[in-house]
Number of protein chains: 2
Amino acid sequence: MAKDGKKPDRRAGERTKTQKSAKKRAKVALEVEAASDGPGGYGTDDRPDVALVVDVAYFAVDRGALVVLLVERGREPDPGRWAVPGAVLEPDEALTDAATRAVVARAGILEPFTRVEQLAVFDAPDRDPRTRVVSTAVLAVTSTPVPPAGGALASGRWWRVDTIGTDGGPTLAFDHLDIVEAGVERLRSRLEQTDVATALVEEPFTLGDLRRAYEAAWGIELEPANFRRKVLATPGFVAQTAGKRIVGTGRPADLYVRGAGAVLHPPIPRPR
Amino acid sequence: MAKDGKKPDRRAGERTKTQKSAKKRAKVALEVEAASDGPGGYGTDDRPDVALVVDVAYFAVDRGALVVLLVERGREPDPGRWAVPGAVLEPDEALTDAATRAVVARAGILEPFTRVEQLAVFDAPDRDPRTRVVSTAVLAVTSTPVPPAGGALASGRWWRVDTIGTDGGPTLAFDHLDIVEAGVERLRSRLEQTDVATALVEEPFTLGDLRRAYEAAWGIELEPANFRRKVLATPGFVAQTAGKRIVGTGRPADLYVRGAGAVLHPPIPRPR
DNA sequence: CCAAAAGTGTTGTGCGTACACCCATGG
DNA sequence: CCATGGGTGTACGCACAACACTTTTGG
């Protein structure tokens, strides 16, 4: 049963451009792996065949709406369509560093963003028509969705997520609609379990600000009274600071900053 | 600010064996990405520098304990330590296919497993001392933890997860302890939200079987009466089938098979 | 004085935990 | 007849949604 450690040179005929037709092939290839490193290992001696990139689903809340940073593609494939910022992973680079690099190139943000979280790996063999590209999508947020500066950055734009795919909204390239949708869903989930909402508002913030961030991301309205109680009942979520803020009309609101805790006990449940 | 599209050839001096020292370097590399494909793209024309593998955290329940499939390493690095099964991703292969291939090679399972889920990407630049290896860990389960057959498969073994790191238990290679821990935590979480528990028991099963699977994975005891009500109150989780089963002593139990639904509404909450 | 937003108080309902109790089998 | 596990019934308590009410500002 065990092979002798040799394997057929699968790069014999030089890599052809694309092999969409080979999708089903791997499903029946259930023979024992001819591991070149013996039990428990795998051969990593030769050059890899698969390119690994990082794509960033970068979100913010802007005037009551959830927005995502997209970049317009200038050339084939998919010219005129919009993509999330991406970068090829460098040999000694961590995913979060590559993610920062991708966003810096598109959004003019000069400091690395703090909260980054892995989203999912997008691995469909034909997701990029040029060659095999596996993408690790990561989720990131900012409190200040600044419009990208000019020059090479001008192609980036913040789009309301609820306009994607509609008449006035962007059309996404490749499988990036899947990436954005996964990011939206993960962000909505993380708002329940973590204090990521405090990264969506600028300090200091009122509990009304925080509530409106939740409402924008979840697309629903929340009871101000109950929301307030839940936030204050969760230790480490927010900390009150000095002063009050008067917006327009209405009673001045207490000001808060981010608390120490990252996970929320108890969570802020999302209405179903 | 924008470069002209050229980038330094970062593979100039041939790749040295390992570069642990370069960990901090990428953190300050915040210059604009020199994209070789213009806005919204990245260069994928040349061979990648990063190898992508799939590591499988493969779980089962055996005699009341959660077990995981591990493979003993035979050679450097980390000989004598135990690793989860892994495989290098082939150019036209989906992650789930590579995961199946890795497990088939180690566990003698002849059919592809059904439930596979992405766990996380392990991307630390020095996680493998030989070369840069990025690992996508996936979670899989089986109802029948068969001992691997002989020959090249003999190095695989099912280990109780609660013995890992203890005196009689295995010591894990590389960062595979992180992979197993991530798998355990994800499995515990998915038991709340999905019907993955039905993949941990053989059909037909009793609600006692299902409860004991939860108890093994969660490491706690559950109220049989309340567990029963919760399972039956979740549509699509299980479906009753004909017959009853008498184990040893006690009243015969109704038999069930997997239901149609994959997500659980309402969930089976884990006690905190 | 009115509108609007922040902040506090109160109550009814629903749901889950805990436990009592009955059922059906083997020894 | 007892032990054991399966299956049903039920009451207590707590958490939360809903809504009333007060506070403090601008117009």
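Here is the naming used below: chain letters follow the sequence lines, and residue numbers restart at 1 for every chain.
- Ion pairing between a basic and an acidic side chain is recognised when a charged N comes within 4.0 Å of a carboxylate O; B:D195 and B:R190 show no such pairing.
- Residues A:W218 and A:P271 have side chains in contact (heavy-atom distance under 4.5 Å, counting atoms from C-beta outward).
- Phosphate contact (OP1/OP2 of C:dA6, side-chain N/O of A:K244, threshold under 4.0 Å): absent.
- Panel note: side chain B:T234, backbone B:K230; a donor-acceptor pair is recorded below 3.5 Å.
- Taking atom CZ of A:F205 as the reference point, atom C1' of C:dA6 lies 16 Å away to the nearest angstrom.
- Toward the 5' end of DNA chain C, the nearer of the two residues B:I246 and B:P269, judged by each one's closest nucleotide, is B:P269.
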Worked check of side-chain hydrogen bond (donor to acceptor under 3.5 Å, both in side chains) between A:D209 and A:T206: CA-CA 5 Å; A:D209 295 334; A:T206 69; 3.3 Å; yes
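- In this structure, the separation between CD on A:E185 and CD on A:E181 is 10.0 Å, given to the nearest 0.5 Å.
- Across every non-hydrogen atom of B:V61 and B:A216, the tightest pair is CG1-CB, 3.8 Å.
- At a threshold of 4.0 angstrom between heavy atoms, the contacts of B:R211 are confined to the sugar-phosphate backbone, with no base atom among them.
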Quick test: give all pairs of protein nitrogen or oxygen and nucleotides 19-23 of chain C nitrogen or oxygen below 3.5 Å, distance rounded to 0.1 Å.
residue	atom	partner	partner atom	Å
C:dC23	O4'	B:R251	NH1	3.2

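- The interatomic distance linking B:F227 (CZ) with C:dT17 (P) rounds to 12 Å, in whole Å.
- Under the rule for a salt bridge (charged side-chain N to carboxylate O under 4.0 Å, His left out), B:R81 has no partner lying at least two apart in sequence or in another chain.
- Atom CG of A:D254 is separated from atom C1' of C:dT8 by 12 Å (rounded to the nearest Å).
- Of the candidates C:dA6, C:dA4, C:dG7, the closest approach to any side-chain atom of A:L207 belongs to C:dG7.
- Note on ring orientation: taking the six-membered ring where Trp is involved, the planes of B:Y58 and B:W158 are tilted (angle from 30° to 60°).
- Taking a heavy-atom distance under 4.0 Å as the criterion, the stretch of DNA chain D touched by chain B extends 5' to 3' from D:dA3 to D:dT10.
- Looking only at side-chain heavy atoms (C-beta outward), B:D55 and B:F122 stay at 4.5 Å or farther from each other.
- Rounded to whole Å, the distance from CG on A:L232 to P on C:dA6 is 13 Å.
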